[in-house]
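Quick note on labels: first sequence line is chain A, next is B, and so on, each numbered from 1.
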There are 2 protein chains.
Amino acid sequence: MRADARRNRQRILDAAAATFAAEGIAVPVDEVARRAGVGVGTLYRHFPTKEALFEAIVIDRVDTLLASASVVDESQDPAGALFSFLAKMAGDVSSKHDLLDALSRAGVELKERWGSKFDQLRAAIDVLRQRAVDGGAVRADVGTDELLSLVVGVCLGSKEIGAAHGCDRMLRVVCDGLRTRAAAEA
Amino acid sequence: MRADARRNRQRILDAAAATFAAEGIAVPVDEVARRAGVGVGTLYRHFPTKEALFEAIVIDRVDTLLASASVVDESQDPAGALFSFLAKMAGDVSSKHDLLDALSRAGVELKERWGSKFDQLRAAIDVLRQRAVDGGAVRADVGTDELLSLVVGVCLGSKEIGAAHGCDRMLRVVCDGLRTRAAAEA
DNA sequence: TACAATGCGGAACGGTGGCTCCGCTTAGAG
DNA sequence: CTCTAAGCGGAGCCACCGTTCCGCATTGTA
């Protein structure tokens, strides 16, 4: 691979990360190319479709998130570990529009296209959730998918309606709702 | 106004209500016209833009919702009234894609374009919320905008990720999170 | 320096969707 | 029944966006 090609590829990735984070997948391909300082043709030489470029960005984001799940998991306090991961996730999703778009695609497409990457995320959350439930701090009747939906929903809701305030307070309400009564009294 | 014109106008409204409910605002205008059994030209004679037709439908939906807020408000139990209105709202928003789209538009546009109608909805919720807070059953640190965001968020989250299950369980988590500790123990 | 091969830019294409325009139809008054 | 104005349909215009194509530039080797 020629040196200029490698350089351009990296430029495109950088520009796409920034642009998708700011505008989500709705941004036109031409805008990403413009920001990268290349022509659209160049972009399409490196990535077969817009979707493929988007995936490259998002997969990287999810990997980062997964790493922070393992870190948090070392913690002694299972409920705290779960909640702090959810907060971390909400923060990421709120600040990176592409993650939000990726996670809020209609269920089918999400599971088909992203396949294992999505499962990995769900599995990571499930470990934390199960541990917190076993510890008796978190209610058992809320599944991992619902947890995911709640976090994504909170981010969507805060973005769309109350642009002013972040989603922290809303997430706190959700986490309080997730606690068992016994845990809440403690 | 000629009789056939009035008839067509009504057909368009009916078709739009059904189509927007099922598909949201993303559905092409031609599809609405097709379902109404008229040409696009006829549709545009009655409504200046797609947006205008959409508004006509949604305003009607919000009015219905507002009516049910007043009904619920007669209840003796303030927290129950709030929660049952939120549930009613979540049910409507989940089953009518147009309402979801309308409420999840970016904040600015929502407040500018829908103006008073949106304020009416917010005011209705605020009455219920304030009463529940005064009764000591619901935490005071969550504002009306956040309540709206939470409901819309729950609906968005349930639609996007876990298409299978409804949003009832997620809403229950949120409502539990909204209760004061004292109320939860009772 | 010469010369392939690799890579590049951006004009152009095709599809989509909102909206307009105009020749034809039809309601309904006289 | 006639006649006119209100109303209708849908082909077509325009703008947007993803993707392709090809003549030209750049790289890196001999």
Side-chain angles (χ1 to χ4, degrees), chain A residues 1-59 97-98 101-102 105-106 109-110 112-114, chain B residues 1-58 97-98 100-102 104-106 109 112-114:
Chain A
M1 194 187 230
R2 249 164 60 172
D4 55 346
R6 186 161 42 245
R7 190 170 52 240
N8 276 332
R9 188 191 153 85
Q10 193 54 51
R11 273 194 192 180
I12 290 167
L13 280 171
D14 292 345
T19 314
F20 284 147
E23 318 256 357
I25 203 182
V27 78
V29 171
D30 307 46
E31 171 66 15
V32 175
R34 201 187 55 72
R35 281 230 228 175
V38 304
V40 256
T42 304
L43 191 152
Y44 277 96
R45 167 172 331 286
H46 290 287
F47 302 91
T49 61
K50 180 186 183 181
E51 235 1 77
L53 174 57
F54 186 72
E55 273 188 39
I57 302 294
V58 171
I59 284 182
H97 206 305
D98 45 4
D101 285 349
R105 298 287 191 79
E109 192 194 344
L110 187 86
E112 308 248 311
R113 183 179 289 279
W114 300 87
Chain B
M1 195 187 230
R2 251 164 60 171
D4 55 343
R6 188 161 40 246
R7 190 167 56 240
N8 276 331
R9 188 191 154 84
Q10 192 55 50
R11 274 196 193 179
I12 291 167
L13 281 170
D14 292 345
T19 313
F20 285 147
E23 318 256 357
I25 202 183
V27 78
V29 170
D30 308 44
E31 171 66 15
V32 175
R34 201 187 56 72
R35 280 230 228 176
V38 304
V40 254
T42 303
L43 192 153
Y44 276 98
R45 168 172 329 283
H46 291 287
F47 302 91
T49 61
K50 180 186 184 182
E51 230 9 72
L53 174 57
F54 185 71
E55 272 189 38
I57 302 295
V58 171
H97 208 305
D98 46 4
L100 189 63
D101 285 349
S104 53
R105 300 287 192 78
E109 192 194 345
E112 308 247 313
R113 183 179 289 279
W114 300 87

Exercise. Is any side-chain heavy atom of A/Glu31 closer than 4.5 Å to a side-chain heavy atom of A/Glu23?
Worked result: no

Exercise. Atom NZ of B/Lys50 to atom P of C/dC19: distance rounded to whole Å?
Worked result: 8 Å

Seminar exercise, completed: When rounded to the nearest 0.5 Å, the distance separating CD of B/Gln10 from CD1 of B/Ile12 is 10.0 Å

For this session: Would you indicate what A/Ala3 reaches in the nucleic acid, counting non-hydrogen atoms under 4.0 angstrom: base, sugar-phosphate, or nothing?
Result: sugar-phosphate

Seminar exercise, completed: To the nearest angstrom, the CG-C1' distance between A/Leu53 and D/dC17 comes to 15 Å

Exercise. When rounded to the nearest 0.5 angstrom, what is the spacing between OH in B/Tyr44 and CG in B/Leu53?
Worked result: 9.0 Å

Seminar exercise, completed: Each nucleotide of nucleotides 4-10 of chain C classed B (base within 4.0 Å of a protein heavy atom), S (only sugar-phosphate) or -, in 5' to 3' order, makes -BBSBBB

For this session: Output the distance between atom CG (A/Asp98) and atom CD (A/Glu55), rounded to the nearest 0.5 Å.
Result: 12.5 Å

For this session: Please report, rounded to the nearest Å, how far the P atom of D/dT19 is from the CD atom of A/Glu31.
Result: 17 Å

For this session: Using only side-chain N and O atoms of B/Tyr44, determine if any of them is under 4.0 Å from OP1 or OP2 of C/dT20.
Result: no

Exercise. Whole Å only: how far is the CG atom of A/Asp30 from the P atom of C/dA12?
Worked result: 15 Å

Exercise. Shortest non-hydrogen contact from A/Asp4 to A/Arg2?
Worked result: OD2-NH2, 3.0 Å

Seminar exercise, completed: When rounded to whole Å, the CZ to P distance for the pair A/Arg7 and D/dT26 reads 12 Å

Exercise. For A/Phe54 and D/dG18, what is the distance between atoms CZ and P respectively, to the nearest whole Å?
Worked result: 12 Å

Problem set entry | Interatomic distance where CD belongs to B/Glu23 and P belongs to C/dG17 [whole Å] | 12 Å

For this session: Quick one: pull up CZ in A/Arg34 and OG1 in A/Thr19 and give me the separation to the nearest 0.5 Å.
Result: 8.5 Å

